[in-house]
Amino acid sequence: MHEEEGMQQVYLSRIAGHVGKSVTIKGWLQNRRAGGKVQFLLVRDGTGEIQVVVSAADVGQDVVEMVDHLGQESSIVVTGEVKEDKRAPGGYEMTAASIEVVQNAEGYPITPKEHKSPFLLDHRHLWLRSSRQRAILKIRAEVIRALRDFFDSRDFTLLDAPILSGAACEGTTTLFETDYFGNKAYLTQSGQLYQEAGIGAFGKVYCFGPTFRAEKSKTRRHLMEFWMLEPEVAYADLDDIMVLAEDMVASVVARVLETRQKELAVLERDTAMLEKVTTPFPRITYSEAVEHLRTGGLDIEWGKDFGGDEETILAKRFDKPVMVTRYPSALKAFYMSRDPEDEKLALCVDMLAPEGYGEIVGGSQRETSLEELEQRIAEHGLPKDAFQWYLDLRRYGSVPHSGYGIGLERTVSWICGIRHLREAIPFPRLMNRLYP
RNA sequence: UCCUCGGUAGCUCAAUGGUAGAGCAUCCGGCUGUUAACCGGAGGGUUGUAGGUUCAAGUCCUACCCGGGGAGCCA
């Protein structure tokens, strides 16, 4: 019960406060460097790591030999004195007085040497334990917390959108189909339409949950299942949500820089790039972007959507995220407002992350006219009946409103500086991978 | 769906058409301050699958399977 007794578990994140005392830690054997009469154990408990010194002089040769046979990732409980020592990684170490083996793990598949991604993904349930994966997922958790704090502190109401729906939201991408008591149902690709319902009740809302795309995409920028946060704001126009989006991204980056320096260091992230992410972000129109790409030597037609190459070239012009506005409306979803100054354009925005990480935010001002929406639903060949509830929102107190979605894994990948989206989610769902 | 690269030991990779090998992991031995510890030894293989060419195929040819990267699509 008291620290002096050395029996209660101390978490390694707090170990610095226990120098000179005897404590008990409970964790896993991450690595071992063995001598004949002394063993150096690297023990991890989920909150930190520490080197444990097991010496024959302290615990006897029997214990040293027992420890010599412990496999990587064995679960152990160690009691001993905490010391400061410059030779130890992290600056602290523990001299073991006793060791309890909870389980001796034999043949742990992930060794301290190199592995390739198919093998690591097959062992994702174990790969999570590695220092790099822990750093990424710690930052993911912090990004989520920062996002929710951002919206909660601005009087947004969390309004969860359904995962199962009876019709395609946007009619643009392939959906996962499932059986719903004999009827077809689809896994959601966006909670947006439901957020548009939410503004009538709460004014400012957001949802945050998984979304699903059944596209056969095999690139490092795609997952079949990914998380998206979608705010929607009543009486907001495109400019309003652009300010909201840049404030949001800047505050999330600032939070990670403030609280997760250790993890960024593990990832060897160049934080100078992140320090530059302050508002305002640069803004250019789609038409300006096309002009820029042309002067850069790219043969791109006005009216064509940007691919990965185009996005990367555009993003490289700036050292902050850039917001590209007013794409041709033909490229965009049916619910987006047209630009009153040019009916060919949609009042929309894509935010491209720097360093080639692609689109992290996509949003728009929404169409408010009932007649216009009915016509577009017909043009897109969408089932009219399924959208009656959505059209009700334009019948009863329709207001100008705008919103966007931010892709969590792309944002986390960019902040972490990692190459592939699959490391930014605990259990990635990829085209050929549903295990573990 | 298309383009492209690949599949050899548990892992990461070698092997001019001519006896399948190394490092790590595992097991055994040595070492009282290691930093991906080190040193010595041992076990470990239907070379993705099925055909074909050849005196001889991991290697060359055909088909298929699986995977990586990319395109399209998107966050």
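Quick note on labels: first sequence line is chain A, next is B, and so on, each numbered from 1.
Partner assigned to B/G17 is none, using Watson-Crick or G-U wobble distances below 3.5 angstrom. Nucleotide B/C31 forms no Watson-Crick or G-U wobble pair with any nucleotide shown, as no partner meets the under 3.5 Å limit on both distances. Nucleotide B/A9 forms a pair with no other nucleotide shown, judged by Watson-Crick or G-U wobble geometry with both contacts under 3.5 Å. The nucleotide B/A25 finds no pairing partner, because no Watson-Crick or G-U wobble arrangement with both distances shorter than 3.5 Å includes it.
B/G6 and B/A42 have their P atoms separated by 35 Å, given to the nearest Å. A distance of about 15 Å separates the P atoms of B/C24 and B/A36, rounded to the whole Å. Distance noted for atom C1' between B/U4 and B/U8: 22 Å (whole Å). On the C1' atoms, B/G30 is 29 Å away from B/C13, given to the nearest whole Å. As rounded to the nearest Å, B/U26 and B/C66 have P atoms that lie 33 Å from one another. Using P as the reference atom, B/G68 and B/C60 are 24 Å apart when rounded to the nearest Å. If you take atom P in B/C74 and the same atom in B/C5, they sit 28 Å apart, rounded to whole Å. The C1' atoms of B/A14 and B/U47 are separated by 13 Å, rounded to the nearest whole Å.
Among the heavy atoms of the strands, none lies under 4.0 Å from A/Gln39. No engagement by A/Glu225 is indicated, since no non-hydrogen atom pair under 4.0 Å with the nucleic acid exists. A/Ser217 comes within contact range of at least one nucleobase, with a heavy-atom separation under 4.0 Å. Across all strands shown, A/Leu421 has heavy atoms under 4.0 Å from base atoms, whether or not it also approaches the sugar-phosphate. Here A/Leu408 lies out of heavy-atom contact (under 4.0 Å) with every strand. Residue A/Val64 is out of contact with every strand shown, counting any heavy-atom pair closer than 4.0 Å. Using a 4.0 Å heavy-atom distance criterion, A/Asp350 is classed as making no nucleic acid contact. Residue-level contact check: A/His222 touches the bases, meaning some heavy atom is under 4.0 Å from a base atom. A/Pro118 comes within 4.0 angstrom of sugar-phosphate atoms only, judged by non-hydrogen atoms across all strands, and of no base.
Taking the six-membered ring wherever Trp is involved, the centroid distance between the rings of A/Phe387 and A/Phe334 falls below 6.0 Å.
Regarding contacts with the backbone of B/U1, a side-chain N or O of A/Lys216 is found under 4.0 angstrom from either OP1 or OP2. Side-chain N/O atoms of A/Lys218 include none lying less than 4.0 angstrom from OP1 or OP2 on B/G67. Side-chain N/O atoms of A/Arg422 include one lying less than 4.0 angstrom from OP1 or OP2 on B/G69. Between A/His420 and B/G69, a side-chain N or O to OP1/OP2 separation shorter than 4.0 Å is present. OP1 or OP2 of B/C28 has at least one side-chain nitrogen or oxygen of A/His69 nearer than 4.0 Å. Considering only side-chain N and O atoms, A/Arg220 lies nowhere under 4.0 angstrom from the phosphate OP1 or OP2 of B/G69.
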I'd like to know whether A/Ser74 forms a side chain to side chain donor-acceptor pair (under 3.5 Å) with A/Asn104, so could you lay out the CA-CA distance, the side-chain angles of the two residues, the decisive distance to 0.1 Å, and finally the verdict. CA-CA 5 Å; A/Ser74 290; A/Asn104 183 7; 3.0 Å; yes

Please step through side-chain contact (heavy atoms from CB on, under 4.5 Å) for the pair A/Lys138 and A/Lys262, ending with a clear verdict. CA-CA 10 Å; A/Lys138 269 284 182 188; A/Lys262 214 171 71 185; over 6 Å; no

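Which of B/U32, B/G33, B/A71 sits closest to the side chain of A/Lys37 comes down to B/U32.
In this pair, A/Phe226 lays its aromatic ring flat on the base of B/A75, centres within 5.5 Å and planes under 30 degrees apart.
When each of A/Glu263, A/Glu355, A/Glu275 is tested with A/Arg269 by the rule salt bridge (charged side-chain N to carboxylate O under 4.0 Å, His left out), just one qualifies, namely A/Glu355.
Between A/Trp414 and A/Val253, the closest side-chain pair of non-hydrogen atoms falls below 4.5 Å. A/Leu430 is listed as a side-chain neighbour of A/Leu121, based on a closest heavy-atom distance under 4.5 Å.
Put simply, the side chain of A/Thr219 gets close to the backbone of A/Arg221: a donor and an acceptor are under 3.5 Å apart.
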